[in-house]
Structure formats: C-alpha cells, structure tokens
Number of protein chains: 4
Amino acid sequence: MADTSSEAHEARGSSKRGRPRRGPDPERFQDIVDAAAKLMLDNGYSATSIQDIADAVGILKGSLYHYVRSKEDFLYRIIKDVYDAALEEIVPIAKSDRPALERLVAFVTAHVHFSIRHLTGFTIQIREFDRLSPERREEITAGGDVYVDALRGILQDGQEEGVVDRELDVRFTTVAILGELNYLTRWYSPTGPMAPDEMAARFAGLILGSVVSDKAVKAAGGLEKLRQDLLS
Amino acid sequence: MADTSSEAHEARGSSKRGRPRRGPDPERFQDIVDAAAKLMLDNGYSATSIQDIADAVGILKGSLYHYVRSKEDFLYRIIKDVYDAALEEIVPIAKSDRPALERLVAFVTAHVHFSIRHLTGFTIQIREFDRLSPERREEITAGGDVYVDALRGILQDGQEEGVVDRELDVRFTTVAILGELNYLTRWYSPTGPMAPDEMAARFAGLILGSVVSDKAVKAAGGLEKLRQDLLS
Amino acid sequence: MADTSSEAHEARGSSKRGRPRRGPDPERFQDIVDAAAKLMLDNGYSATSIQDIADAVGILKGSLYHYVRSKEDFLYRIIKDVYDAALEEIVPIAKSDRPALERLVAFVTAHVHFSIRHLTGFTIQIREFDRLSPERREEITAGGDVYVDALRGILQDGQEEGVVDRELDVRFTTVAILGELNYLTRWYSPTGPMAPDEMAARFAGLILGSVVSDKAVKAAGGLEKLRQDLLS
Amino acid sequence: MADTSSEAHEARGSSKRGRPRRGPDPERFQDIVDAAAKLMLDNGYSATSIQDIADAVGILKGSLYHYVRSKEDFLYRIIKDVYDAALEEIVPIAKSDRPALERLVAFVTAHVHFSIRHLTGFTIQIREFDRLSPERREEITAGGDVYVDALRGILQDGQEEGVVDRELDVRFTTVAILGELNYLTRWYSPTGPMAPDEMAARFAGLILGSVVSDKAVKAAGGLEKLRQDLLS
DNA sequence: AATGAATGAGTTTTCATTCAT
DNA sequence: AATGAATGAAAACTCATTCAT
C-alpha cells in the first residue's frame with residue numbers, strides 16, 4: 001500500500017471533505033521529492049542541503065517548508081515510498097505456495113527488477129536508513145524486516161522440502177544473499193552492458209548454486225540442468 | 001607495503017640535512033585517527049565534526065590541525081591505511097599458484113578475516129570512499145581495483161581449469177561475490193553468535209556453490225563433499 | 001554605464017518567465033555595502049571581519065550571506081561600483097576634442113573631484129585592488145587601465161600639438177601624475193582647510209608646470225599666465 | 001642612526017658585558033626579517049601569517065618567538081630600519097646650504113634612489129605604517145614627519161630665494177610631490193625599462209616644472225635650459 | 001504558494017601565542 | 001635555538017528553520 005498521497009502537511013484542510021483541494025499540490029511535491037532523492041543519491045543525505053533541493057526545483061529554500069516540516073521529512077518520504085512499494089511487490093511473491101526453489105528464483109528476480117526500477121529510492125533506503133529518527137525507523141520496520149523474513153521463510157521451507165542444503169545456517173545465508181543483491185546499488189548503472197532480465201537470471205543462478213542441496217542437484221541431473229529448469 | 005608511518009603533515013619548509021625533524025608523534029596521531037574512525041563508523045563522515053573528534057581525544061578542535069590539514073585528511077588516512085593493509089594481506093593470496101578453487105576459498109577466508117579485524121576502517125572505506133576528493137580517490141585506486149582484479153583472475157583461472165562454470169559472466173560474478181562479502185560491514189557485530197572462522201567457512205561454502213562447474217561437483221562426489229574437501 | 005543595480009546574488013535556479021523574482025532589496029544591500037566600505041576604509045580589507053560588518057548593520061553575520069556569497073564580494077562590489085562610475089565620469093573628458101592642455105586640466109579637475117566625492121570607494125579601490133581574486137581583477141580591468149590610457153592619450157596629443165614637452169617620457173609621466181593624484185587618498189580629509197575646487201586647481205597647476213613645453217610657456221607669456229589662462 | 005643591532009629581545013644578557021654572545025644571532029634574525037618583509041610586500045601585513053614566515057625560513061612558527069615577541073615586532077623592525085636609514089640618507093641632503101632648487105633636485109634624486117634600493121621596506125612602510133600600534137607609530141615619527149618637513153623647508157627657502165612660485169601652497173605642494181614620489185612603490189619594477197638614474201632625473205624634471213617661479217625660468221632662459229642646468 | 005529577510009547554532013579552518021622539553 | 005603540542009579566540013562560511021508579507 002504505497003501511501004503516496006497522504007504525506008505533505010497533515011494539518012490544513014485535507015481533501016476528505018470534498019472542498020476544492022487545499023494544501024500543497026501532491027504532484028509538485030512529488031517532483032520536489034524526486035529532485036531531493038536525486039541529490040541525496042549523488043551526494044548523500046548529510047551533504048545535501050535544503051538549499052540544494054530548492055535550487056534544483058527553482059524555488060527559495062524557505063518555500064520548501066510548505067511541503068515539508070524538516071529536511072528529514074524528505075528522507076522519510078523517499079524511504080517510506082520505496083519501502084511500501086517493496087512490501088507490495090516483493091513480499092507476496094515470497095508467500096506464494098509454489099515450491100521453495102521456484103519462490104527463491106521469483107524472489108530474487110523480483111528483487112533485482114525492483115531495485116533497478118526504484119534505483120534511486122532503493123539506494124537511499126539502503127544507505128541512509130540510519131539517518132532517520134529512531135521513531136521513524138521503528139515505524140517503517142514495524143512489521144519486522146520483511147525482506148529478511150521473506151527470504152528466510154523460503155530457505156526454511158526449502159530445507160523442509162529437502163531442496164535446500166540442511167547444513168546452511170539460514171539466518172546467515174539470508175543476510176549474505178540480501179547483501180549480494182543489495183550491493184547492486186553500489187555498482188549498477190542503467191547504461192551498463194547487462195539487461196535487467198539477464199542480471200536477475202544470473203543472480204538467481206548464483207544464489208541457487210549457493211543453497212541447493214545435493215539431493216536437488218542430483219534430482220535435476222546436475223547444477224546446470226537445475227538452473228535451466230528453474231530459470232526457464 | 002602499507003606505508004602507514006609516512007602520513008601526518010609533510011614537514012613544512014626545508015628539513016636541513018640529517019637533523020631529527022620528526023613532525024607530529026605518530027602514535028598520538030594514530031590514537032586521534034582511531035578516535036575519528038570510531039566516530040565516523042557510528043555517525044558517518046559528514047555527520048562527524050572536527051569538534052566531535054576533538055572532544056573524543058580531549059583537546060580543542062583547533063589543535064587537531066597540528067596533525068591534519070583538513071577533515072578529509074582523517075578520512076584519507078583511515079581509508080588509505082586499510083586499503084594498503086588489504087593490498088598486503090589479501091592480494092598475494094589471490095596470486096598464489098594453487099588450484100583456483102583453493103585460491104577462491106583462501107581469498108574469501110582472508111577477506112572475511114580481514115574485514116572483521118579491520119572492521120572500522122574497512123566499513124568506512126566501503127561507505128565513505130566517495131567523500132574523498134577525486135584526486136585522492138584516484139591516488140588510492142591508481143593500481144586498478146585490486147580486489148576486483150584479484151577475484152576476477154581466480155574465476156578466470158577456474159574456468160580454464162574447468163572447475164568454474166563456463167556459463168558464468170566473470171565480471172558480473174566478481175562484483176556479486178564482492179558485494180556479498182562487503183555487505184558484511186552492514187550487519188556484522190563482534191558480539192554476534194558466529195565466530196569469524198565459521199563465518200568465513202560459510203561464506204566460502206556459499207560462494208563455492210555459486211561458481212563451481214558440474215564437472216567439479218561430480219569429480220568431488222557432490223557439492224557437500226566438495227565443500228568438505230576445500231574447507232578442510 | 002555604471003551597472004550598480006545588477007549585483008547582489010544572481011538569482012538561484014530558474015526564474016520562470018516574467019514573475020517578479022527580485023532577489024535581495026538593492027537599497028538594503030547598498031546600505032550594507034556602504035557600512036562595509038566604511039569599515040574597510042578605516043581598518044583595511046583583511047582586518048575587517050564579516051562580524052564587524054554585521055555589527056555595523058545590526059544583524060547576525062550569517063545573515064550577510066543573504067546578500068553576498070563571500071567577503072570578497074563586498075570588496076568587489078565597492079571597487080566595481082567606483083570603477084564603473086569613474087569610467088563614466090572621467091574617461092569622456094579625456095576624449096573630448098578640445099586642445100590637449102585644456103583636456104589635461106579638465107581631466108585632473110574631474111579626477112580630483114571624483115576622488116573626493118567617492119573618497120571611500122576610491123581609496124579602497126586603490127589600496128585593496130590586489131585583494132580581489134585574479135579573475136575579478138581581470139574582469140574589472142578587462143578594457144585596459146582606462147585612467148592610464150586616457151591620460152597618456154592627452155599627453156601624446158599635447159606633444160603632437162607642441163604644447164607638451166617632447167622630452168617627456170609619456171609612459172613615465174603618466175604614472176607619475178596619476179600617483180600624485182591618487183596619493184590624495186592617503187592624506188585628504190574632508191575637514192581639511194582646502195576646498196575641492198582649490199585643490200583641483202592647485203593640482204592642475206602643478207601638473208601643467210610639469211609637462212608644458214617651453215614653446216607653450218612662451219606663447220602664453222610665462223608659466224603664471226598660462227596657468228591663469230587654463231585655470232580660468 | 002640605523003640602530004639595526006639593538007633589536008631582538010632586549011632581555012637576556014646583552015653583548016655589552018663582553019661575555020661570549022648570548023641571545024639570538026642578529027644575522028639570522030635579519031634573514032628572518034627579510035623573509036617576513038618579502039612576504040608582507042607580496043601579500044600585505046594582515047594576510048601574512050607567522051606560519052608563512054616560519055615556512056619561508058624553514059623553522060616552526062613557535063621558534064620565531066625566539067626572535068620576536070609578536071608578529072607586529074616584524075613590522076616594527078622593517079619599518080623602523082627603513083625609516084632610520086631614510087633619516088640618515090635623505091634628511092642631511094635637504095639641510096645642506098646649497099640653493100633651494102639644487103637641494104630640491106638632490107632631495108628628489110636621493111629619495112628615488114633610496115626608494116628603489118630599499119624597495120621592500122619602503123613599500124611596507126608606506127602601506128602598512130598604520131598597522132603598527134599607536135605607541136610605535138608615535139615613537140617612530142617622534143621627530144615629526146621628516147620627509148615632509150625636509151621638503152617643505154626646501155620649498156619655503158625657494159620661495160624666499162624667489163626661485164619657487166610664490167603662489168604655491170607649500171603645505172599642499174609638499175604632499176603632492178611626496179605622493180608623486182611615493183607612488184613609485186606601486187608601479188616600480190626592478191626589471192622595468194628605466195634605470196634608477198634616469199628615473200630620478202625625470203622625477204626631478206617634472207617636479208622642477210611644477211614649482212619653479214617664472215622669474216627662475218626666465219633667468220635660466222626657459223624651462224628646458226633650467227632643467228639642463230640643474231640635472232647636470 | 002512563494003518570497004526574502006533573518007536567526008542561531010553550527011561548520012571547518014586559521015592564527016598568534018605559550019610552553020615544556 | 002628549536003621543536004611540537006596545545007591553547008583560545010576568531011575567522012569565514014553553512015545551514016535548517018522561522019516568519020511577516
């Protein structure tokens with residue numbers, strides 16, 4: 001439930017009452033947030049000033065406080081949006097009732113595509129989450145760390161199904177895999193040589209190899225076969 | 001050759017002949033750098049002020065300029081030291097003449113141990129490298145990205161030996177693996193439940209599974225066997 | 001064309017169409033610049049702090065950066081204004097088509113009156129020009145040193161007319177005369193005993209004596225006569 | 001009268017008692033003062049730091065306080081030396097018993113040569129005198145402004161002799177001439193095209209023309225003749 | 001919705017000076 | 001004579017924020 005419209009000054013007559021819209025124009029606000037996100041992506045949150053953001057959108061810095069109550073609000077909005085979108089897009093995939101390895105591939109694929117599609121916000125989320133106030137951090141991760149939970153669930157199910165190596169430490173493997181995926185934000189460039197589809201498949205291939213059980217490998221007739229089967 | 005002692009204020013003016021013109025006490029400087037590193041680890045480079053550092057070592061902020069010409073010098077010193085140490089410790093391992101998979105395991109193991117032993121500096125290097133000036137970034141990475149080169153070399157050799165899957169895109173796999181390893185800086189805690197040795201072995205296990213060829217798996221009698229063989 | 005109104009913070013970002021994006025109030029800015037000039041006149045540029053200026057106008061030092069991007073901007077503005085005004089007031093006089101000695105007297109008179117009327121700015125220009133950045137120095141003197149060129153032109157014309165001593169080294173004489181005039185900024189006081197008109201006449205008298213040819217002296221019937229003729 | 005040796009820490013056993021010399025080496029001190037003077041010439045007193053001076057002589061800034069008690073001491077020493085030297089070299093010339101115009105030429109010539117020979121110190125004296133503390137300013141100019149007094153005396157004598165225009169305001173003319181001469185410090189370069197001798201003669205020629213009486217001109221048979229007579 | 005002036009607390013950096021060794 | 005550590009005050013500049021218009 002990406003709640004993109006409810007931000008921006010909860011005070012002021014909201015549109016609920018049907019009166020002609022009051023308060024900041026949400027589209028304009030989104031433009032400003034996008035500009036802020038771009039700057040924070042390039043220079044980091046601390047090194048991005050309110051002045052920078054105002055310059056980027058062509059208004060005076062004082063005017064930004066029509067849309068926002070503090071600089072942190074920008075960060076919150078950026079992170080919240082991307083987090084909510086991820087909840088919506090990725091978590092359901094991990095919770096389907098298909099076999100674990102299929103869900104693993106689907107999860108990795110969705111994650112990679114999501115990261116690339118929301119590259120700016122996703123990168124900021126990963127890099128600057130700690131700059132949020134404790135309250136907001138808490139609020140966002142209220143439901144637990146959903147990525148971690150989702151992936152861990154898949155791996156556990158896989159162990160029960162016998163397709164994931166039972167020697168694995170699931171907790172550890174989960175963070176290792178998520179690290180591998182998230183680190184994409186450090187090196188990915190949209191102008192790079194590899195298409196998102198291929199990249200997702202290659203990630204899935206590596207990760208499959210990392211976790212599959214001997215039994216699953218044999219059943220498929222080798223690792224290559226297993227990859228072919230699952231990466232269609 | 002980590003040249004950790006030659007930092008700290010090139011002597012000003014001419015240093016006539018062999019008189020002992022020592023410059024700032026290197027041990028004191030190292031203490032200050034360590035304090036700075038701790039703060040930057042906790043709060044990030046931008047959010048760490050010269051005042052914070054001065055407070056941490058118990059002197060006035062102006063006095064820090066006895067050791068350093070700018071705040072960036074601290075960051076440079078922290079990163080340069082850890083970078084040089086890594087060059088010394090890790091790169092040679094990648095260049096030995098043992099079989100590729102052994103070198104892969106050795107590289108991963110060394111990398112994990114190094115990351116943990118130099119956790120503060122290594123984390124800062126990864127997180128704040130871009131805050132360095134372009135000139136210093138260039139200077140540090142003058143010899144190319146040595147981690148990347150080292151790991152890529154191992155994978156390429158492995159493909160030639162037939163023990164690494166020939167379908168792998170080596171370039172991609174290299175950054176994926178390094179991401180997996182480097183992301184440790186985001187979640188590792190020395191008080192966590194897993195000992196460094198085990199962690200290194202588990203990383204190596206995951207990575208082996210990601211890259212081995214079917215042929216190598218069969219030769220070893222399955223993935224589990226192969227892991228056992230290589231992880232002593 | 002003294003473009004005194006276009007200073008003060010080029011508007012940031014885009015100024016969409018014809019909306020009145022005014023930037024800082026030019027009159028307020030001028031007041032601040034005047035206060036800064038007064039301080040720099042008394043204490044010199046280097047010894048005048050942003051704090052001093054802020055105190056003089058009764059705001060906080062940080063607030064000055066609403067009008068200016070650096071302390072040097074104040075100096076630039078002061079010097080640029082007086083330089084432009086001089087261009088407008090003095091140079092045309094040197095370029096009229098009257099006889100050379102008349103133009104010489106007119107130039108000297110105009111210069112003296114100008115110096116006195118713009119005493120603060122003119123003094124700062126002379127004393128602190130070198131504190132400007134190379135780029136700004138260059139920008140201001142882009143059209144050559146107009147005072148020097150103007151006076152040299154008069155002397156050369158005078159030599160051709162035969163009213164200025166042909167033995168004179170025009171280049172040298174030009175700087176000598178300008179030095180004599182500019183040095184006024186070192187000793188002139190508005191509360192002194194001599195009125196600007198008299199001072200201008202006396203300067204002109206001295207300078208005439210310095211440069212006239214024997215021929216011109218004889219034609220006028222002596223130096224005193226010549227001075228009387230030209231200083232009306 | 002140039003009391004160049006009595007500076008540098010009046011405390012400490014002076015050489016008066018015949019004991020092996022104690023206290024700072026005066027030659028070394030002079031080298032340091034020279035270095036300081038060069039820097040202040042280039043960058044101005046305020047913009048020259050103790051650090052700059054220390055760098056220039058290759059010692060640490062703290063060590064300068066062996067020679068000096070404050071930064072102002074450097075300025076004082078530079079100005080005092082040049083002032084004393086001027087007293088010794090120039091004043092006697094103005095006080096000889098030769099005819100006024102000869103003394104005028106001699107004064108101007110001596111002044112120009114002096115300015116050039118002591119260019120650094122003389123320039124600093126003119127430009128930075130006001131940076132000295134009131135006490136030191138007073139101390140230096142205790143005997144009145146000797147240049148002014150000397151030149152004014154010459155002009156007054158000339159008026160009495162009838163060789164200097166009686167219409168002149170002597171006070172004004174004195175500062176005007178001194179301005180003309182002193183401004184040399186603003187444009188003179190030792191690598192310029194004109195030799196000091198010629199420059200002195202040309203200055204004297206201009207100044208003669210400025211002040212001579214009609215009577216003296218006629219007696220000499222014209223300005224040119226008069227100049228030739230006096231400039232040998 | 002936005003401006004433009006200002007605040008107040010902060011930032012990094014500079015600098016003259018002191019002093020134990 | 002000189003070092004090297006440190007001081008303490010001030011410098012220029014930044015920046016998030018407020019607010020009357």
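Residue numbers start from 1 in every chain, and the chains themselves are labelled A, B, ... in the order their sequence lines are given, proteins ahead of strands.
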Notebook entry, point to check: Taking five pairs at each end of the helix from E:dA2-F:dT21 to E:dT21-F:dA2, what angle separates the two helix axes (nearest 10°)?
Noted result: 10°
Item checked: Side-chain N or O of D:Tyr65 closer than 4.0 Å to phosphate OP1/OP2 of F:dT3 -> no
Checklist line | Set of side-chain contact (heavy atoms from CB on, under 4.5 Å) partners for B:Thr123, sequence neighbours left out | finding: B:Leu41, B:Leu119, B:Arg127, B:Thr185
Note to self: Using modelled atom types and a 3.5 Å cut-off, is there a donor and acceptor pairing between side-chain atoms of B:Thr48 and backbone atoms of B:Gly44?
What the structure shows: yes
Next item on the list: For C:Asp73 and F:dA12, give me the distance from atom CG to atom P, rounded to whole Å.
Entry: 13 Å
Next item on the list: Answer yes or no: does a side-chain N or O of D:Arg28 lie under 4.0 Å from OP1 or OP2 of F:dA2?
Entry: yes
Next item on the list: Using heavy atoms and a sub-4.0 Å distance, could you list which residues of residues 33-57 of chain C are near DNA chain F? By number, please.
Entry: C:Thr48, C:Ser49, C:Ile50
Check: How many Å lie between CD on A:Glu72 and C1' on F:dC15, as a whole number?
Finding: 16 Å
Notebook entry, point to check: Can you list the residues that meet the side-chain contact (heavy atoms from CB on, under 4.5 Å) rule with D:Ile140, with sequence neighbours excluded?
Noted result: D:Tyr76, D:Ile79, D:Lys80, D:Tyr83, D:Phe129, D:Leu132
Next item on the list: Please list, chain by chain and in numerical order, all residues satisfying side-chain contact (heavy atoms from CB on, under 4.5 Å) with D:Asp34, sequence neighbours excluded.
Entry: D:Gln30
Check: So which one's nearest nucleotide on DNA chain F is more toward 5', B:Gly58 or B:Lys61?
Finding: B:Gly58
Next item on the list: Taking only the side-chain heavy atoms of B:Ser70 (C-beta and beyond), determine which of F:dA1, E:dT13, E:dA16 contains the nearest atom.
Entry: E:dT13
Note to self: Taking the basic N atoms (NZ, or NE/NH1/NH2) and the acidic carboxylate oxygens, is any pair closer than 4.0 Å for B:Arg77 and B:Asp81?
What the structure shows: yes
Note to self: Strictly distance-based, threshold 3.5 Å: is any side-chain N or O of A:Glu72 a donor or acceptor partner for the main-chain N or O of A:Ser133?
What the structure shows: yes
Check: Looking across every strand, which nucleic acid part, if any, lies under 4.0 Å from B:Ile59 by heavy atom: base, sugar-phosphate, or nothing?
Finding: sugar-phosphate
Next item on the list: Look at the aromatic rings of A:Phe29 and A:Tyr67 and report parallel, tilted or perpendicular, splitting at 30° and 60°.
Entry: parallel
Note to self: I'd like to know if the side chain of D:Arg131 and the backbone of C:Asn43 have a donor-acceptor N/O pair within less than 3.5 Å.
What the structure shows: yes
Check: Any salt bridge (Lys or Arg N to Asp or Glu O under 4.0 Å) pairs touching residues 41-67 of chain C, not counting sequence neighbours?
Finding: C:Lys38-C:Asp42
Check: Do the side-chain N or O atoms of D:His66 get closer than 4.0 angstrom to the phosphate oxygens (OP1, OP2) of F:dA1?
Finding: no
Next item on the list: Take the protein atom CG of B:Leu64 and the nucleotide atom C1' of E:dT13, then report the distance between them rounded to whole Å.
Entry: 11 Å
Checklist line | First of A:Gly62 and D:Lys71 reached from the 5' end of DNA chain E, by closest nucleotide | finding: A:Gly62
Note to self: What is the distance, to the nearest angstrom, from the CG atom on A:Leu60 to the C1' atom on E:dA6?
What the structure shows: 14 Å
Checklist line | B:Tyr67 OH - E:dT13 C1' separation (whole Å) | finding: 17 Å
Checklist line | Phosphate-side-chain proximity, D:Ser63 and F:dA1, N/O vs OP1/OP2 below 4.0 Å | finding: no
Next item on the list: Can you tell me, in whole Å, how much space there is between the C1' of F:dT21 and that of E:dA1?
Entry: 13 Å
Notebook entry, point to check: Are D:Lys71 and D:Tyr65 in a cation-pi setup, meaning NZ or CZ lies under 6.0 angstrom from the ring centre and within 45 degrees of the ring axis?
Noted result: no
Next item on the list: Could you tell me the separation between the CZ atom of D:Arg69 and the P atom of E:dC19, rounded to a whole number of Å?
Entry: 13 Å
